[in-house]
Amino acid sequence: MSPDAGGTVASFDLTVNGTRRSVAAGPFTRLTTVLRDELGLTGTKVGCDAGDCGACTVLLDGRQVCACLVPLGQAAGREVITVEGLARDGQLSALQRSFHLHGAAQCGVCTPGMLMAAADLLARVARPTVQQVEDALGGVLCRCTGYRKIVEAVLAVPDLPAEGNAPSEAPAVGQGLARRDGPPKVAGTDRFGADAAPAGALWLRAVRSPHARARFTLGDLQPLYDRWPGLLRVLTAADVPGENAYGIYPHLKDQPVLAAGAVRYRGEAVLALLGDRDTVENVPVEAIPLTWEPLDPVIGTEAATAADAPQLHAESAGNVLIRGFVEKGTPDAAFSGAAAASEGTWRTGFVEHAYIEPEAGYAEPTPDGRLTVYGCTQAPYMDRDEVARVTGLQPEQVRILPSACGGGFGGKLDVAIQPLLAVAAQVTGRPVRGVFSRTESMAATTKRHPSVIRARAAAEADGRLRALDFEGDFNTGAYASWGPTVAGRVPVHASGPYCVPHVRVRSRAIYTNETPAGAFRGFGVPQAAIAHECLMDDLAERLAIDPLEFRHINALRPGDATATGQVLEHSAGLAACLDALRPQWQALRAKAEAFNVTTDGRTRRGVGVGCMWYGCGNTALANPSEMRVVLGRDGRLTLYNGAVDIGQGSATVMLQICADALGLPPAALEQVVGDTDLTPDAGKTSASRQTFVSGKAAQIAGEDLRAQLLRLANAGPEAKLRLADGVVEVDDGGPTRTIELARLSADLEGRGRFDPPTTPLDEKGQGVPYATYGFAAQLAALSVDLDLGTVKLHRIVAAHDLGKAVNPMLVEGQIHGGIAQGIGLALMEEYLPGRTENLHDYLIPSFGDVPEIEIHLVEDAEPLGPFGAKGIGEPALVPTAPAIFGAIRHATGVVVRQAPALPHRLRALLREAGHG
């Protein structure tokens, strides 16, 4: 612990979770540091070190505080309770059990802070109101849940039964089972990237560029070593033992581990300092002999595609990384003679993932010449291949061991800290750990692609869509990342979930000198939806057709052809989603219009609707997943599941699916998740694919093992299985047969593989890009302050066709969380490099920003999916912003064409519309 950081070391006594503890440290040492590093209480999380996120909330003499803001000297002589202190005699408290049973913990990194804030409230108010819960927990941010399940959990504590419900004998699929990985999340014992490291690990700190575009030189490092003896090594690009380049696509390895003489964005890593933590963290940037030659940066896609723009990558003329294209029919001719047409330009900005857990982990060489990398990730096998590339190892020599992942949303698909750790460990031969600060995480990692969209659409007099023409430029930043995926996915989805006979969509991913843009819950589809849903409202207004009914007329249905010519055969439930919303739509619209007529104030109310569709999995590419389930001779039944759970619940859903396929209860199965040495490759956790693709593989694996057991017992397909004490009992109506597992010659293993059937797209983008699609419609009810340009959300109603809800409670949590992120996209969130690199300048929705949410689950079964299921991750977010913008339009008449609709922007639109 650094004396420089904490002051002169002294001994301080404090009571922690009922035990008197003495700590030798400086009086200004953060309480978080004492709890985590000195006392090993890693349940207290660090998300910002600035009091913004609340993940470090503990009780100090019974009242909640942010431990990162409390110096040790202030805590001396006082009582501290952390999340580890809530349980008694190894039993979770009623509050912890309520969080678990209500699905209030998703990724779990904010959960300890939420629990401590709730404990403070419940100690003072036995039966709090919703408002009291929101006020008391309002200082803790959550990026996953949308807060509603957390409120439900706190309200339920006073009446929570002493014991949970007995396990049901009904099929597991369709039950809202509590998360399998939930207990450690609410107990504070789940291990995230910053919570574990080998003894003696070196500390890594990246030195990053302060310029968006520059050349640099590095001077003599010896004075640095002489001044700071604890500094073991300064790594440069020349030290990378493998290829100093990584990336998502095999042909696009364009991002260096450490920049070699030139940088392309502010925040790019140029050096890595290695040594003991105190030294490495306290070396001032000014002492490092870097000489910079700043160059004029290329900011924005318009500047990047200008005739005089410098070429940022040698392989990309005009700075265009890639183009996407879809064309069906004769769109130019189709606009002629249409009864109604509309066109416009829409803009969106960078959006930060803002997961509460910054990137963290460690890398450790092993005696057999291999390398283990531990940390937060969404794609273990992709990480393995990129680590092998930059270290010069073979993929089989690398083991990725995922930690608990404190939120991802696409941002942890790209490797960020892993190449740095791996290179450092490989070069030094020692374990190396690192943790990004909040500012570093926000400055250096990928964002949602900013977009500039120009589009037009036309319809017949009866409301049927006739044509859509769409051009979208997407700012992929300094490096490719997932730019090709965005440019490829957007053309498929840009016409919306509607039957449009004539379509042309062109897209470009464009290099700039800005933060790399990558995957963020939707791969460009949310940006496209803002444009196509605004066009739907335009056309409905011109034709005097109700906006919901206009969408219902045009909804894709089984038998319809999409923009790529794919004929949907099953599971196209948009019309049913709109049917589910119609009663609330009519009632809320009427209520808002009555309010606007009768009020003479400066507030107007409105209700809007937004629709979406989303292809599950990769676009027109192979998308396989593999699973295996092993019944050992020792009686242990284990699912080896490579699908990383980043909070969405896949670790529970896979068990439910596999258990039903096998014919045993989920409680019978153990699970290994994501370890590349032990689990097959289940693909990345993204693109709303895991339930559909990996779930199907889990179903096939379970069916395979079941078939083996039935063959051994010579039993029929309807037989019931029971597993206990190393014996499988098989009952098919006759005498019960038994299989004594210890007497088998080998373990039994069921394997499953599923790759959704798709076809490549031709030169006009025609083909089958996805095997199935999720559909949804949401409505938003809100009020607008005409003077301030502020928006108050009152209610969201969401209807989602997800095929089959494998776990309805987890599905609801995903929808809540997606809606919360959609609210941020619509009204709050805009990342500005160098200006909003923390969680007090970059605002994400908190308790008070997320209104009541009503959910309708439409189960239009997908025959290819496991028990009919599709995906829900991205669909939950996509329609929210369009619904909000439609509601603003209904309330005020103004059309929002730039996201987010910050108060100053909306106020300017209101003034232009005469509301001044």
Are the side chains of [X] and [Y] in touch, meaning some heavy atoms are under 4.5 Å apart?
X	Y	answer
Leu204	Val435	no
Pro419	Val387	no
Val806	Pro866	no
Val525	Val486	no
Thr772	Leu864	no
Leu655	Leu639	yes
Val644	Gln378	no
Leu371	Gln426	yes

Tell me every residue that passes salt bridge (charged side-chain N to carboxylate O under 4.0 Å, His left out) with [X], counting only those two or more places apart in sequence or in another chain.
X	value
Lys447	Glu352
Arg143	Glu829
Glu812	Lys149
Asp473	Arg454, Arg508

Using atom types as modelled and distance alone, determine if a side-chain donor or acceptor of [X] lies under 3.5 Å from a backbone N or O of [Y].
X	Y	value
Ser441	Ser437	no
Asp645	Ser650	yes
Gln648	Ile646	yes
Gln106	Gly813	yes
Arg489	Gly615	yes

Excluding sequence neighbours, so at least two apart, what forms side-chain contact (heavy atoms from CB on, under 4.5 Å) with Ala701?
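side-chain contact (heavy atoms from CB on, under 4.5 Å) check on Ala701 returns Met627, Val629.
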List for me each residue that meets side-chain contact (heavy atoms from CB on, under 4.5 Å) alongside Ile322, sequence neighbours excluded, and say none if there are none.
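Scan of Ile322 (side-chain contact (heavy atoms from CB on, under 4.5 Å), adjacent residues dropped) gives Pro484, Ala487, Ala509.
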Does the side chain of [X] pick up a donor-acceptor pair with the side chain of [Y] at under 3.5 Å?
X	Y	value
Tyr479	Thr446	no
Gln527	Thr348	no
Thr372	Glu364	no
Tyr831	Glu514	no
Asn623	Arg689	yes

Tell me the side chain to side chain donor-acceptor pair (under 3.5 Å) pairs involving residues 413-423, sequence neighbours left out?
Asp383-Gln418, Asp414-Ser481, Asp414-Trp482
Chi angles and distances behind the ring pair (Phe, Tyr, Trp, His ring centres under 6.0 Å) call for Phe520, His449
CA-CA 8 Å; Phe520 188 170; His449 283 72; over 10 Å; no
Lys/Arg-Asp/Glu bridge criterion (N-O < 4.0 Å) met for [X], [Y]:
X	Y	result
Asp190	Lys185	yes
Lys412	Glu357	yes
Glu749	Arg628	yes

Write out all pairs satisfying salt bridge (charged side-chain N to carboxylate O under 4.0 Å, His left out) with one or both partners inside residues 244-258, taking only residues at least two apart or from two chains.
Lys253-Glu386
For residues 395-411, which residue pairs qualify under salt bridge (charged side-chain N to carboxylate O under 4.0 Å, His left out), counting only residues two or more places apart or in two chains?
Arg399-Asp675, Arg399-Asp677
Out of curiosity, [X] [atom1] to [Y] [atom2], how far, rounded to the nearest 0.5 Å?
X	Y	atom1	atom2	answer
Asp385	Met382	CG	CE	8.5 Å
Cys658	Gln671	SG	CD	9.0 Å
Leu669	Thr638	CG	OG1	7.5 Å
Gln814	Asn807	CD	CG	10.5 Å
Ile356	Thr111	CD1	OG1	10.5 Å

CA sep, side-chain torsions, deciding dist, call: Tyr640, Glu626, side chain to side chain donor-acceptor pair (under 3.5 Å):
CA-CA 9 Å; Tyr640 291 89; Glu626 296 185 37; over 6 Å; no
Not counting sequence neighbours, which residues clear side chain to side chain donor-acceptor pair (under 3.5 Å) with [X]? List them please.
X	value
Asp195	Arg36, Lys45
Tyr374	none
Gln566	Tyr773

Aromatic ring centroids of Phe409 and His353 under 6.0 Å?
no
Please report whether the ring centroid of Tyr614 lies less than 6.0 Å from that of Phe775.
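No, the ring of Phe775 stays outside the 6.0 Å limit from the ring of Tyr614, centre to centre.
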Quick one, Thr685 with Gln690, criterion side chain to side chain donor-acceptor pair (under 3.5 Å). Give me CA distance, side-chain angles, the key distance, then yes/no.
CA-CA 6 Å; Thr685 295; Gln690 289 295 21; 3.1 Å; yes
Give the intermediate values and the outcome of side chain to side chain donor-acceptor pair (under 3.5 Å) for residues Lys870 and Thr691.
CA-CA 6 Å; Lys870 301 187 286 191; Thr691 295; over 6 Å; no
Which atom pair, heavy atoms only, marks the closest approach of [X] to [Y]?
X	Y	value
Tyr246	Pro256	CE2-O, 3.6 Å
Gly871	Leu802	O-CB, 4.2 Å
Thr515	Thr445	CG2-O, 3.2 Å

Would you sort out whether Leu401 and Val373 count as a side chain to side chain contact (heavy atoms under 4.5 Å, CB included), showing the intermediate values?
CA-CA 6 Å; Leu401 191 59; Val373 180; over 6 Å; no
Could you go step by step and tell me if His493 and Tyr770 meet the ring pair (Phe, Tyr, Trp, His ring centres under 6.0 Å) rule?
CA-CA 11 Å; His493 292 82; Tyr770 309 101; 5.4 Å; yes
Could you give me the CA-CA distance, side-chain angles and deciding distance for Phe692 and Phe754, then say whether ring pair (Phe, Tyr, Trp, His ring centres under 6.0 Å) is met?
CA-CA 9 Å; Phe692 176 54; Phe754 180 60; 5.7 Å; yes
